[in-house]
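In the text below, chain A, chain B and the rest are named by the order of the sequence lines, each starting its count at 1.
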Amino acid sequence: MKILSFAQAIEDAVNQAMADDPTVIIFGEDIHMIRRNLFLRFGGDRVRSTPISEASFVGAAVSASMAGLRPIVEVMLVDFIGVAMDALLNHAAKVETFSGGKWKAPLVVRAACGGGYGDGGQHQQTLWGWLAHIPGLSVVVPSTPADAGGLMLAAIEHDGPVIFLEHKMLADYWLDFMGAGNRKTVQFDVPPAGASGPVPATWQPTPLGKAAIRRQGDDLTIISIGVGVHRALEAADALAQQGVYASVIDLRTVAPLDKATICEMSAATGSVLVVDEDYEQFGLSGELAAVILEAGIPIKYRRVCTQETIPYARHLEDQILPNKQRIIDAALELSIG
Amino acid sequence: MKILSFAQAIEDAVNQAMADDPTVIIFGEDIHMIRRNLFLRFGGDRVRSTPISEASFVGAAVSASMAGLRPIVEVMLVDFIGVAMDALLNHAAKVETFSGGKWKAPLVVRAACGGGYGDGGQHQQTLWGWLAHIPGLSVVVPSTPADAGGLMLAAIEHDGPVIFLEHKMLADYWLDFMGAGNRKTVQFDVPPAGASGPVPATWQPTPLGKAAIRRQGDDLTIISIGVGVHRALEAADALAQQGVYASVIDLRTVAPLDKATICEMSAATGSVLVVDEDYEQFGLSGELAAVILEAGIPIKYRRVCTQETIPYARHLEDQILPNKQRIIDAALELSIG
Amino acid sequence: MKPDLWQLYKQMLRSRLFEEAVKRLWEAGKISGEMHLGIGEEAIAAGVISHLVEGDALALDHRGTPPLLMRGVDPLSILRELLGYPDGLCGGMGGHMHLFSPAHLAASSGIVGASGPAAVGFAIAAQQLRPGTVSVAFFGEGAANQGMMMESMNLAAAWKLPLLFVCKDNQWSITTVSEETTAGDLISRARSFGMPAIELDGNDVEAVWNAAGQAIADARNGLGPSFLYAQCSRPEGHLLGDMLLRLAERPLSLEMGRVLRWQVNSFLRRKGAPIRARATSARTIAALMAKVRGSRSAVAPDPVARLHQSLSTEGQRMAELTGEVVGEIEQILESALIPA
Amino acid sequence: MKPDLWQLYKQMLRSRLFEEAVKRLWEAGKISGEMHLGIGEEAIAAGVISHLVEGDALALDHRGTPPLLMRGVDPLSILRELLGYPDGLCGGMGGHMHLFSPAHLAASSGIVGASGPAAVGFAIAAQQLRPGTVSVAFFGEGAANQGMMMESMNLAAAWKLPLLFVCKDNQWSITTVSEETTAGDLISRARSFGMPAIELDGNDVEAVWNAAGQAIADARNGLGPSFLYAQCSRPEGHLLGDMLLRLAERPLSLEMGRVLRWQVNSFLRRKGAPIRARATSARTIAALMAKVRGSRSAVAPDPVARLHQSLSTEGQRMAELTGEVVGEIEQILESALIPA
Ligand SMILES: Cc1ncc(C[n+]2csc(CCOP(=O)(O)OP(=O)(O)O)c2C)c(N)n1
Ligand SMILES: Cc1ncc(C[n+]2csc(CCOP(=O)(O)OP(=O)(O)O)c2C)c(N)n1
Ligand SMILES: [Mg+2]
Ligand SMILES: [Mg+2]
């Protein structure tokens, strides 16, 4: 059994994909350093560092994918997608429909996301539910090394645009780059089971749109994604000690959404708690409520999400991002109320 | 009683605001023609035509608002906001939080939205639920002339960023510009009560975050916004003939959301049908489900939204946008099921 | 090398007649939405497109029909797309701003400036997968102020991409005189990215053909991108039913009456700009309408008429060619209207 | 006019010592997140900021502290912001990339290129509400490739806005040598928008002061925007804990060992680029590290040291000034650490 860090798992899967398929190329800012191992192995033609021109190079990734390449285009942090949003909203997401299904755009937009290291509200967003609003985009958010590699491979192989988000609390190099900066004087709440773990010797794609059940419990169903899954599991442990037993679903992909698993697990407990680091309003947490209601499943419902622009100071940020205590409180409210 | 068209009502309110407050200015592409009456009255300093550089001029509106102006910045169609999204996502929406509440950005982003005239998927989006996902933005979508003027005045007076969306099926000049082009040979399903109606002699701001109840009925509650409200009212008339009585709520503002009215009216019927021209997934329709569930109100729930990229051909588009028949079908499903 | 002017003329005439057919169908209400014609741009499209070969790619803006036609896309399938039929080029899903032909690596967009990034991505794929092929971006002078277009010029030049930027300058972006919103000049702007930039008369197909030929050959040979800046005029206005054009087309008195009425209304209202500023606004609008009238006048250059004139010495051949093209377009029009 | 060099030196020294204090606090783990220092940019900031008066506005990037300090924002409140205290400049909500001072019309952003639009909006407000005031945008040479920055240059020039673009060229954007991603040169780029553009040594505060003074005076007089392009070097790297710098700081052998290890790993893997291409990649990375080492060397220009040297002839005055500034910063540091 191979053990890799979250980041190594992704790189391993990308390595495999690039070795197997010469049409896979990568571009983005500082890629020669951020992906130096790939740069050294696959050379500067396939691993290209760009100017700080996201609108142009994300747009270019769309047409490059239409012309036979399978680009992985990196925008560093998902927060920076604002300047390139037109490429996703009006191009990547719409090529297939506009062309009457005759043309596809198989690209991966890769970005780091998420908070918990005190970098302020322009660098710690997650935005996965926001991106998933646009029909035509798939949005993938792994929580373990095995999923990270498997979903990356699936994203590369998928015949449409996929946003692949790696959370900075899981991808150690991002956390070091932006949070630690080689310091021993700062601590972060990194979930061990997400930061490193067993992976297969050869990567197989993990299917998009298939949630994973991380824990079974009869009292309530916690639905989460990314780092939230680990927070939910910690909370579930604590809840179990108080006699409240929670299931924990890891969605793994926001879009497509695994409606079958969501509904089945929600029906089983009748109580649903959504733990979502993305903004609360008009996003993933609401969509889950709608999906369950549409299926005619009566539930009690709570959500623990990010309600505001993320503050800079770590103690303020800790209160705003979903944390174990908020999850426990909401779960208890659900199971009592 | 003054009767104005939807478009005239907005212009009338803007006229009033500009006359009363010299810090109100307008900029955007082709503004000298699109707002020619304002251009003629208030001159080229306050009504400025821009280059096709939305990222820059929407960003400029944010800082101009911070420096004492109250800009109304126009991006023609909300679809074009993609190229300027960073200005909203990372700047307009965050100035107040970042500055610790010490600085505000009182700007209005004005855009036309919506489909129904066969212009394809890059020019007919609504995106209101998408924009509302970002904490810090208010999103306003009037459905009548009186609301259009009153909400525009409120948007201008509001001390934060407001997105003001005017639907092309209501704003006649947009429909003529993009749909009719002076032709007598094309027809559109323009809701008469939205396109023209009574307005006050002097505008008062219509408060943001206050829904309007457009119809009372005991069997189900239809929640909608913009043109959808009119479609819902038509459907409600037809339903009444089949003995199904629907309430119709016009949200008027997506953010802030009038949770009190939504919950009260939903509890009253126990059946909620959301009619939302924006994309279905991860948006307004889901948020409404969440808000109602959070309030502990058990409901049956359906939604009639736009599920895909909007097709070009009018007969295809008609099937995808929420229409009277889809609303009736969903309502009957709810009241039988 | 000399261009085959007859061949170019044929393409230009086809395009012109096709656009005129589109206009009629649109006016009859059979085509929905906005309609931006490429009338007036035929020489630019023909002069560039005639250099393209299998594997070359095309990134188009909201006036994509002429380049697509000239590139060899089936005119009938374009027309049926515009009519919204399931057997249209894009199954009725795209429409006139979203015409896509994978076989020709040709993609359009209704987002101003989007042909820049699109051409960059096509050029990357060319570099990587099809060395010796090129990518072409068509766009208007207004689009040159869109950030992603400028970024694309930088990116193309920095990466020495096989790309040709074709800027069609008709002086207008919708109702705005682009000069007033464009600082400096576009030739200098392109050159500042280290790209060769050539200014030319977009009504002179031979000039376009020559310049494009050289630029495309350079691109094929790995010398990087170039910028073609071609003046043209667009008698049909920005789109069919153009508001400015409608106003300007009325007899002078009527139109001035209308402007005067706006002006008077605006002057009568208390509060507002000083009278001088209001008068300046009124003059601005009047000047715009005068400018539109000018661009509609009989003396405005027409690339098709111009080439027609110079080829008309061979009357017989011209008659035959015209007959052939008219026949083709008529035939297409007829087939286009057959219900699905 | 001659600048008051002592006053400029004082500002530069304050800024330097302040940034060094920030560095210590960051290293001690008391400041979170990324930390981009303005060390090396002091002459540019001082030469520009010293011309600003009440009502002028500042649009800043991710290295906003030096300009803010020099503009008169309370250093203690900045430091307490970085430490995340509720009485910090932004109540602990903003942090170092989002420092805002409404009183000084100064706003920062962590989005590269955002200071362009921000300065445009400030300049519009200046034109409209406070004639005679100006707006200044600070940004790096990397940001000059961001679309909204280029759009902003066009917009500012087209509208003759009272705006000064200050491009600080340290040659790097994070780990990328900006030259390699920037086509043409930035002076030509700015000039292509019809703006005056001045290239200068950003380590020479007098040169910056002179050029900025002229440009700002022009802007105040309605002559429109200018572009200042100032070379500088940034010994602390892109941010504290800079990865490239960390690598480059190791003794040569160790570092080369590391690169060799990557290289060998990559060479050992079947499939991938031909050996020559792999070797090129390895050389690229080695060259980057060499370049970083160069910019860290003792001979790298330092604007503070340079001015210090030329003013040191007046030893007594220098000693007094140094003492004063050191005292101020020490005092601030002490107060900054008092818990809320
Ligand atoms: C991003 C964006 N902004 C605005 C528009 C609206 N719009 C469509 S065409 C056009 C003018 C384009 O001018 P130009 O590039 O010169 O092309 P032309 O129409 O003159 O051929 C504008 C502003 C758009 N489609 N996309
Ligand atoms: C839109 C956007 N893209 C990327 C980044 C990440 N980033 C932060 S600083 C930086 C480099 C900026 O280089 P330059 O403008 O030269 O400024 P310098 O850091 O050298 O002062 C990058 C790419 C960002 N913050 N915003
Ligand atoms: Mg034009
Ligand atoms: Mg730099």
Side-chain angles (χ1 to χ4, degrees), chain A residues 55 79-91 93-94 96-98 120-122 125 127-136 254-255 257 272 274 278-294 296 298-303 306-312 337, chain B residues 55 79-91 93-94 96-98 120-122 125 127-136 254-255 257 272 274 278-294 296 298-303 306-312 337:
Chain A
D79 314 68
F80 305 158
I81 202 68
V83 294
M85 186 47 72
D86 177 67
L88 300 188
L89 171 67
N90 288 321
H91 296 91
K94 294 182 171 48
E96 187 174 345
T97 299
F98 280 164
Q122 259 176 359
Q125 299 171 92
L127 302 181
W128 48 59
W130 192 56
L131 293 163
H133 181 65
I134 304 166
V254 181
L257 205 50
V272 172
V274 180
D278 193 7
Y279 298 125
E280 176 172 289
Q281 48 190 15
F282 308 91
L284 170 58
S285 60
E287 183 64 16
L288 291 170
V291 162
I292 297 164
L293 277 183
E294 276 182 318
I299 52 161
K300 294 199 290 178
Y301 169 92
R302 285 283 178 284
R303 48 184 171 171
T306 301
Q307 291 173 312
E308 302 286 341
T309 292
I310 303 166
Y312 159 74
Chain B
D79 313 68
F80 305 158
I81 202 67
V83 294
M85 186 48 70
D86 178 67
L88 300 187
L89 172 68
N90 288 320
H91 296 91
K94 294 183 170 50
E96 186 172 347
T97 299
F98 280 164
Q122 257 176 1
Q125 299 170 93
L127 303 181
W128 46 60
W130 191 56
L131 293 164
H133 180 66
I134 304 166
V254 181
L257 206 50
V272 173
V274 181
D278 193 7
Y279 297 126
E280 176 173 288
Q281 48 190 14
F282 308 92
L284 170 59
S285 59
E287 183 64 15
L288 291 169
V291 162
I292 297 164
L293 277 182
E294 275 182 319
I299 53 161
K300 295 199 289 177
Y301 168 92
R302 284 283 177 285
R303 48 185 170 170
T306 302
Q307 290 173 313
E308 303 286 341
T309 293
I310 303 166
Y312 158 74

Looking only at heavy atoms, which two atoms of [X] and [Y] are closest? And how far apart?
{"X": "A/Ile310", "Y": "B/Phe98", "result": "O-CE2, 4.5 Å"}
{"X": "B/Arg303", "Y": "A/Val291", "result": "NH2-CG2, 4.1 Å"}
{"X": "B/Tyr279", "Y": "A/His133", "result": "O-CE1, 3.1 Å"}

Quick one: what part of [X] sits under 4.5 Å from any heavy atom of chain A, side chain, backbone, both or neither?
{"X": "B/Val274", "answer": "neither"}
{"X": "B/Ala55", "answer": "neither"}
{"X": "B/Ala87", "answer": "neither"}
{"X": "B/Thr97", "answer": "side chain"}
{"X": "B/Ile292", "answer": "neither"}
{"X": "B/Gln307", "answer": "backbone"}

Has A/Asn90 got a side-chain atom pairing as donor or acceptor with B/Asp79's backbone, closer than 3.5 angstrom?
yes
Heavy-atom distance under 4.5 Å to chain B: side chain of A/Ile299, backbone, both or neither?
both
Is there a side-chain contact between B/Gln125 and A/Leu89 in this structure, where contact means two heavy atoms from C-beta onward sitting under 4.5 Å apart?
yes
Measure the CG-NZ distance between B/Leu293 and A/Lys300 for me, rounded to the nearest 0.5 Å.
12.0 Å
Highest number of heavy-atom pairs under 4.5 Å with chain B: which of [options]?
{"options": "A/Pro311, A/Gly129, A/Ala255, A/Gly136", "value": "A/Gly129"}
{"options": "A/Glu308, A/Gln281, A/Arg302, A/Met85", "value": "A/Gln281"}
{"options": "A/Ala93, A/Gly296, A/Ala84, A/Ala290", "value": "A/Ala290"}

side-chain contact (heavy atoms from CB on, under 4.5 Å), paired with B/Phe282, selected from A/Asp278, A/Leu257, A/Leu288:
A/Leu257
